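Notes follow once the structure below has been shown.
Here the structure is a predicted model, which means the values were calculated and not measured. Each chain gets a letter, A, B and so on, in the order its sequence line appears, and its residues count up from 1.
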Amino acid sequence: MNIAVYILDIIIYIGIFSIVAISLNLEYGFTGLGNFGKVAFFLIGAYTYAILSQAGVPFYLCLICGGIIAAIGGLIISLPALRLREDYLAIVTLTVGEILRLIVKTESSIGGGVWGISVKRAISISFPAGFSAINKTVINAGVQIVLIFGILALCFIVLQLLTRSPYGRIMRALRDNELATESLGKSRAKYKAQVFMLGSAIAGIAGGLFAQYIRFIDPYMFMPIVTFTVWIMSLVGGPANFTGALLGATLVQIFDRGTNILKDYITLPIDPVNLQYILFGVLIILVLFFRPQGLLRESKFTTRPLKLVYEKRRSDTSNKKS
Amino acid sequence: MSLMLICDDLMNVNWIQILLNSAVTGSLYLIGAVGLTVTYGLSGFPNFAHAEFLTLGAFIGFWIAEDIGAPLPVAFIVAFLITGIISVLCYRFIFQPLAKKGASTIHLMVASIALGFIIRYSIGAVWSWTPMYFSIKWPSYIVGSVRIAGQWSLLIVVALVLAFSMHLILIKTRIGKAIRASSSNPDLALASGINVGRIILITWFAGAGLAAVAGIFRAVNTQIWPLTGWDIILPIFAVVVLGGIGNYYGAIAAAFIIGLAENVGVVFLTSIGLSTEYRMAIAFIIIVITLIVKPQGLAMLFRRG
């Protein structure tokens, strides 16, 4: 395989999983919601995209519908558990991922069942004659990168602004002390449900992007390992830092591909796929032990009133010194 | 399909057989879930690697019984001990230090999922991912219109013995008292001179050992591969949630309720033309309904647990 094509493929995967990772950062890192069923919303987005695009709906509508349906799914799933302790939400989300995979596996009318469903690319370019196959692939990959990283940038900016707004302050307050937040009159179930919907919608959009990029999806692509991979990305990079999620997604993807390449050069006594997941598990436990806040910590940021306070304090202390 | 036809179908079902199957399923879920619910109640987080203890036990049992050729009771005992020891080591060297460092519930759950992946893929590396089958042939009895396979009767007997002896242990012995005290109020238990840390280790040992027994039964009934335990994680969590977290008596009731719901549910599923694959969805529905209606589960019926 051509190296340039391979690198472009890695970049596209980094983009798609960065989107999922920042949605997990929003839920877990900023709001303290342990979503162990990320793959469920990824799956909803992917299948919605696949089915709608087969019906001839334009790609942006497919993506948006995937996001909306994932958000509704997120609302329905989270409602029974949001009022309860965080471990109930973990159980419900984990099991819902299994159930959704079971449904798409069993109902062959939804997405071809175990045989999967083929998906059209979002943007297909008709090349003039005389283009070599490799150039076509590279240009197509370039289009994909523009599309995926455009959406990633959009999500990144929106979430960054959201977490720095008063709304984001409530999110972080809920994470740090639920009871205190509720005593200030902020309904925790309401805010948690909203954040969960937003995170699910973003994961759904990422699922749609994933489906249209690989052009074929089947239930076996949505195993619980996907959720776990996203958790590694978020925890390694820094759960409460969106740049950290990007960093985590990049590192995990490179590690993933790196071990895939290595297996062609080194013969190991055990199957490299098994070894890779064992290493993932060890890595996550080490991160939890030695750096639970991730590589990049939660950044301090200043809103305008806070900035004024800080400036006043600084000028006060400098006055005192002089 | 018309309603008449569905009713007709249901009339032809052998309900006694369904009841027996429910008891078999319930027994399996009880043995598999009892360790999870007790450790969950004591340590305060669901150990998602519990499903992997089932798998690990099944593989150790398979190795002892099929590769070494020892009789099945030996396989059960060795699998119980090894899985229990591994579980204790996992708790002692992963979860306990993490909890001491002040890790949140979510961190502990992530760690347990990570541990699950380590065990699952280690099993995959050692034994491969191709499904295998126990070669032991069980006698099968026909009583009236009901068929009883040998392994089923053994499973029901084991579950009944377990349920009864656990009851005696919890009520009569010092350790049982200590377990109940630690799960209802750890601080008070500690202040009354109970070594809560040791109690937790004991429950992790026995819980995982029982999971290993359940894993062997599951493998004997179906197949053995690295997802043997994960395949039934939904009903196991349903037992824990419906029974009330940490509640032993609730778990007994919940296991048999879910066994019944699944087997009756499968009859209804086939009669309305849905795939029997959805039997796992029944457990999921039970989890969701429990959380909406009564998050404490059946625990309120059993004050004593």
Side-chain angles (χ1 to χ4, degrees), chain A residues 28 32-36 76-77 79-92 94-96 98-100 102-103 105-108 113 175 223-225 227-228 231-232 234-235 239 268-290 292, chain B residues 40 44-46 48-49 93-95 97-98 101-126 128-129 226-227 230-231 233-235 237-238 240-241 245 274-281 283-285 287-293 295:
Chain A
Y28 165 62
L33 299 169
N35 182 351
F36 290 108
I76 295 170
I77 290 158
L79 271 185
L82 278 181
R83 292 167 298 127
L84 308 169
R85 286 201 321 247
E86 60 225 303
D87 36 338
Y88 288 98
L89 183 66
I91 293 173
V92 171
L94 186 98
T95 47
V96 92
E98 291 293 291
I99 289 296
L100 281 183
L102 183 71
I103 292 174
K105 205 168 101 184
T106 318
E107 293 301 314
S108 45
R175 175 194 65 189
M223 301 293 273
I225 190 74
T227 308
F228 188 61
W231 269 90
I232 302 175
S234 173
L235 281 169
L268 290 168
I270 68 172
D271 181 11
V273 177
N274 289 326
L275 181 66
Q276 185 185 338
Y277 290 132
I278 295 169
L279 286 179
F280 269 157
V282 174
L283 175 72
I284 204 84
I285 289 177
L286 290 179
V287 168
L288 287 175
F289 262 103
F290 299 109
Chain B
Y40 189 172
F45 71 97
F48 289 110
F93 292 106
I94 297 174
F95 299 116
L98 269 180
K101 279 188 149 198
S104 64
T105 313
I106 294 185
H107 279 173
L108 290 169
M109 291 190 286
V110 174
S112 77
I113 292 177
L115 175 68
F117 275 97
I118 295 175
I119 298 177
R120 188 185 310 163
Y121 285 93
S122 303
I123 289 171
V126 175
S128 97
W129 282 77
L227 291 179
W230 185 263
D231 281 341
I233 192 155
L234 280 171
F237 268 100
V240 172
V241 171
I245 288 156
L274 279 170
S275 162
T276 50
E277 293 258 342
Y278 284 122
R279 65 183 298 160
M280 289 299 154
F284 174 71
I285 292 168
I287 294 180
V288 170
I289 292 177
T290 313
L291 291 187
I292 293 173
V293 178

Margin query: A/Phe228 vs B/Phe117, test: ring-ring contact (aromatic ring centres under 6.0 Å, His included). Steps then yes/no.
Written below: CA-CA 9 Å; A/Phe228 188 61; B/Phe117 275 97; 4.5 Å; yes
Check: Quick one: what part of A/Val287 sits under 4.5 Å from any heavy atom of chain B, side chain, backbone, both or neither?
Finding: neither
Next item on the list: With a 4.5 angstrom heavy-atom cut-off, could you sort out which part of B/Leu108 is near chain A: side chain, backbone, both or neither?
Entry: neither
Checklist line | Toward chain A, the part of B/Tyr278 with a non-hydrogen atom under 4.5 Å | finding: both
Item checked: Nearest heavy-atom neighbours spanning B/Leu291 and A/Ala81 -> CD1-CB, 4.4 Å
Checklist line | Distance-minimising heavy-atom pair for A/Asp87 and B/Pro46 | finding: CB-CD, 3.7 Å
Note to self: I need the B/Leu234 CG to A/Ile91 CD1 distance, nearest 0.5 Å.
What the structure shows: 11.0 Å
Check: Atom CH2 of B/Trp230 and atom CE of A/Met223: how far apart are they, to the nearest 0.5 Å?
Finding: 9.5 Å
Checklist line | Min side-chain heavy-atom separation A/Val273-B/Trp129 under 4.5 Å | finding: no
Item checked: Engaged part of A/Tyr28 at the chain B interface, taking heavy atoms whose separation is under 4.5 Å -> side chain
Item checked: Heavy-atom contact with chain A under 4.5 Å, split by part of B/Leu98 -> both
Next item on the list: Go through A/Ile284, A/Ile103, A/Val282 and name the one with the most non-hydrogen pairs under 4.5 angstrom from chain B.
Entry: A/Ile103
Margin query: Which atoms of B/Val126 are under 4.5 Å from chain A, going by heavy atoms: the side chain, the backbone, both sets, or neither?
Written below: neither
Notebook entry, point to check: Heavy-atom distance under 4.5 Å to chain B: side chain of A/Glu86, backbone, both or neither?
Noted result: both
Check: So A/Tyr88 and B/Thr290, side chain to side chain contact (heavy atoms under 4.5 Å, CB included) or not? Walk me through it.
Finding: CA-CA 11 Å; A/Tyr88 288 98; B/Thr290 313; over 6 Å; no
Note to self: Between A/Ile225, A/Val92, A/Leu235, who has the most heavy-atom pairs with chain B when the cutoff is under 4.5 Å?
What the structure shows: A/Ile225
Checklist line | Residue pair A/Phe289 / B/Ile94: nearest heavy atoms and the distance that separates them | finding: CZ-O, 3.6 Å
Next item on the list: Please name the pair of heavy atoms, one in A/Pro80 and one in B/Val288, separated by the smallest distance, quoted to 0.1 Å.
Entry: CG-CG1, 3.9 Å
Checklist line | Interchain contact, B/Phe93 with chain A, by part (heavy-atom threshold 4.5 Å) | finding: backbone
Margin query: As an exercise, state the distance from OG1 of A/Thr95 to CZ of B/Phe237, rounded to the nearest 0.5 Å.
Written below: 9.0 Å
Next item on the list: Pick one of side chain, backbone, both or neither for B/Ala103, based on which atoms fall under 4.5 Å of a heavy atom in chain A.
Entry: neither
Item checked: chain A contact via B/Phe45 - side chain, backbone, both or neither, heavy atoms under 4.5 Å -> neither
Next item on the list: State, to 0.1 Å, how close B/Ala114 and A/Gly281 come at their nearest heavy-atom pair, and which atoms those are.
Entry: CB-O, 3.7 Å
Checklist line | Intermediate values then yes/no, side chain to side chain contact (heavy atoms under 4.5 Å, CB included), B/Tyr121 and A/Leu275 | finding: CA-CA 7 Å; B/Tyr121 285 93; A/Leu275 181 66; over 6 Å; no
Note to self: Looking at chain A, which one of B/Ile123, B/Ile292, B/Leu115 has the largest number of heavy-atom pairs inside 4.5 Å, strictly under?
What the structure shows: B/Ile292
Margin query: How close do A/Gly32 and B/Ile106 get, counting heavy atoms only, and between which atoms?
Written below: O-CD1, 3.5 Å
Next item on the list: Against chain A, work out which of B/Val293, B/Val241, B/Val110, B/Ile289 has the most heavy-atom pairs shorter than 4.5 Å and name it.
Entry: B/Val110
Item checked: Greatest number of heavy atom pairs closer than 4.5 Å to chain B - which of A/Ile232, A/Leu288, A/Ile285, A/Leu283 -> A/Leu288
